[in-house]
Colleague: 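Here it is, the structure in full.
All residue numbers refer to positions in the sequence shown, counting from 1. If you're wondering where the values come from, they're calculated on a predicted model, not measured in any experiment.
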Amino acid sequence: TPRLAYEEQLINSRKNADFSFRDIFFDPENELYECRVPSGRLGIVVDETGIGPRVEKINIMSKLYKKISVGDIIVAVDEVDLVGAKPDTFWQIVSRKANKQERCIVVLKI
């Protein structure tokens, strides 16, 4: 049974990068978790890391408040692998999916 909604798509995603979601997923040291978020604004601020967008700030009114933590790394949104992505790429993906009833955000716990 998959642990994540888009697990198979993410594991099989092909990126031209040194590492991908697959590498993070299969590393037993990593703790991944999934947050389902309704459409609309996320209410977070992210900054850049080599791994992916890191949560820098969470608005108290955010639907992600108390679901994710400052410092966590966002590694996927729905079926899109965001390992190594810059914040602007993250926001492009999120805004394209803003009208979906629900978005599935996969986070690497830090």
Side-chain angles (χ1 to χ4, degrees):
T1 306
R3 295 183 312 181
L4 307 170
Y6 294 94
E7 184 174 302
E8 186 175 338
Q9 295 96 316
L10 289 164
I11 289 171
N12 294 318
S13 68
R14 299 275 181 254
K15 285 181 70 175
N16 296 327
D18 294 335
F19 70 111
S20 67
F21 181 86
R22 180 183 196 89
D23 300 310
I24 288 176
F25 183 83
F26 286 112
D27 184 336
E29 299 290 310
N30 292 333
E31 181 186 340
L32 292 174
Y33 64 99
E34 182 175 81
C35 298
R36 295 181 179 277
V37 188
S39 63
R41 296 179 143 300
L42 291 181
I44 61 173
V45 174
V46 298
D47 63 351
E48 189 174 332
T49 71
I51 301 170
R54 175 180 47 214
V55 178
E56 188 177 286
K57 196 184 275 184
I58 307 165
N59 184 306
I60 194 165
M61 300 303 287
S62 169
K63 304 277 191 231
L64 289 167
Y65 187 70
K66 297 207 178 202
K67 289 184 178 181
I68 64 173
S69 302
V70 169
D72 289 351
I73 310 276
I74 298 169
V75 294
V77 174
D78 293 339
E79 75 289 351
V80 181
D81 179 350
L82 290 174
V83 173
K86 297 191 179 316
D88 60 336
T89 303
F90 165 72
W91 289 117
Q92 287 171 10
I93 301 299
V94 166
S95 62
R96 275 204 316 252
K97 296 174 176 289
N99 293 330
K100 266 184 81 175
Q101 185 175 355
E102 183 178 74
R103 290 163 290 177
C104 188
I105 297 176
V106 181
V107 177
L108 173 63
K109 189 82 178 143
I110 300 294

Colleague: Taking R54 for the side chain and G71 for the main chain, is one N or O donor matched with an acceptor at less than 3.5 Å?
Modeller: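 No, because the side chain of R54 does not come within donor-acceptor range (under 3.5 Å) of the backbone of G71.
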
Colleague: Please tell me if the side chains of I51 and I24 come closer than 4.5 Å, counting only heavy atoms from C-beta onward.
Modeller: yes

Colleague: Scan F21, Y33, F25, Y6 and name whichever one has a side-chain contact (heavy atoms from CB on, under 4.5 Å) with V106.
Modeller: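 Considering F21, Y33, F25, Y6, a side-chain contact (heavy atoms from CB on, under 4.5 Å) with V106 is found only for F21.
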
Colleague: Against I105, only a single residue in V94, I68, L42, L82 fulfils side-chain contact (heavy atoms from CB on, under 4.5 Å); can you say which?
Modeller: L42

Colleague: Tell me the closest heavy-atom pair linking A85 and P53, and the distance in Å.
Modeller: O-CD, 3.6 Å

Colleague: Should I110 and L4 be regarded as members of a common hydrophobic cluster, given that ILVMFWY residues are connected when their side-chain heavy atoms come within less than 4.5 Å of each other, either directly or indirectly?
Modeller: yes

Colleague: Rounded to the nearest 0.5 Å, how far does CD of E34 lie from CD of E7?
Modeller: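 Interatomic distance, E7 CD to E34 CD, rounded to 0.5 Å: 9.0 Å.
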
Colleague: Any chance NZ of K67 has more than 12 other-residue heavy atoms, nucleotides or ligands included, within less than 6.0 Å?
Modeller: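 Yes, because the 6.0 Å sphere around NZ of K67 holds more than 12 heavy atoms from other groups.
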
Colleague: Could you state the interatomic distance from CG (D27) to CG (L108), rounded to the nearest 0.5 Å?
Modeller: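 Answer rounded to 0.5 Å: 9.0 Å.
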
Colleague: Is E102 salt-bridged to K63, going by a charged N under 4.0 Å from an acidic O?
Modeller: no

Colleague: Report the C-alpha separation of Q9 and V80 in whole Å, then their side-chain angles, then the decisive distance to 0.1 Å, and conclude whether the side chain to side chain contact (heavy atoms under 4.5 Å, CB included) test is met.
Modeller: CA-CA 8 Å; Q9 295 96 316; V80 181; over 6 Å; no

Colleague: About how many Å separate CG of D81 and CD1 of I11, when rounded to the nearest 0.5 Å?
Modeller: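 Between atom CD1 of I11 and atom CG of D81 there are 10.5 Å.
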
Colleague: Testing the basics here: between S69 and V55, what is the closest heavy-atom pair and its distance to 0.1 Å?
Modeller: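 The pair with the smallest heavy-atom distance is O-CB, 3.7 Å.
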
Colleague: Side-chain heavy atoms nearer than 4.5 Å, only ILVMFWY residues, links allowed to pass through others: does that put W91 and V77 together?
Modeller: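 Same hydrophobic cluster.
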
Colleague: Looking at CZ of R22 and CG of N12, how far apart are the two atoms once the value is rounded to the nearest 0.5 Å?
Modeller: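 Nearest 0.5 Å value for the CZ-CG distance: 6.0 Å.
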
Colleague: Given D78, which partner from the list R36, R103, K100 fulfils the salt bridge (Lys or Arg N to Asp or Glu O under 4.0 Å) test?
Modeller: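 For D78, the salt bridge (Lys or Arg N to Asp or Glu O under 4.0 Å) check succeeds only for K100.
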
Colleague: Looking at G43 and S62, what are the two nearest heavy atoms and their distance?
Modeller: O-CB, 3.5 Å

Colleague: Please say yes or no: joined through hydrophobic side-chain contacts below 4.5 Å, possibly via intermediate residues, are V70 and Y65 part of one cluster?
Modeller: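 In one cluster: yes.
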
Colleague: Does the side chain to side chain contact (heavy atoms under 4.5 Å, CB included) test come out yes or no for D72 and K109, once each step is laid out?
Modeller: CA-CA 5 Å; D72 289 351; K109 189 82 178 143; 3.8 Å; yes

Colleague: Quick one: does V83's side chain get under 4.5 Å of D23's, heavy atoms only?
Modeller: no

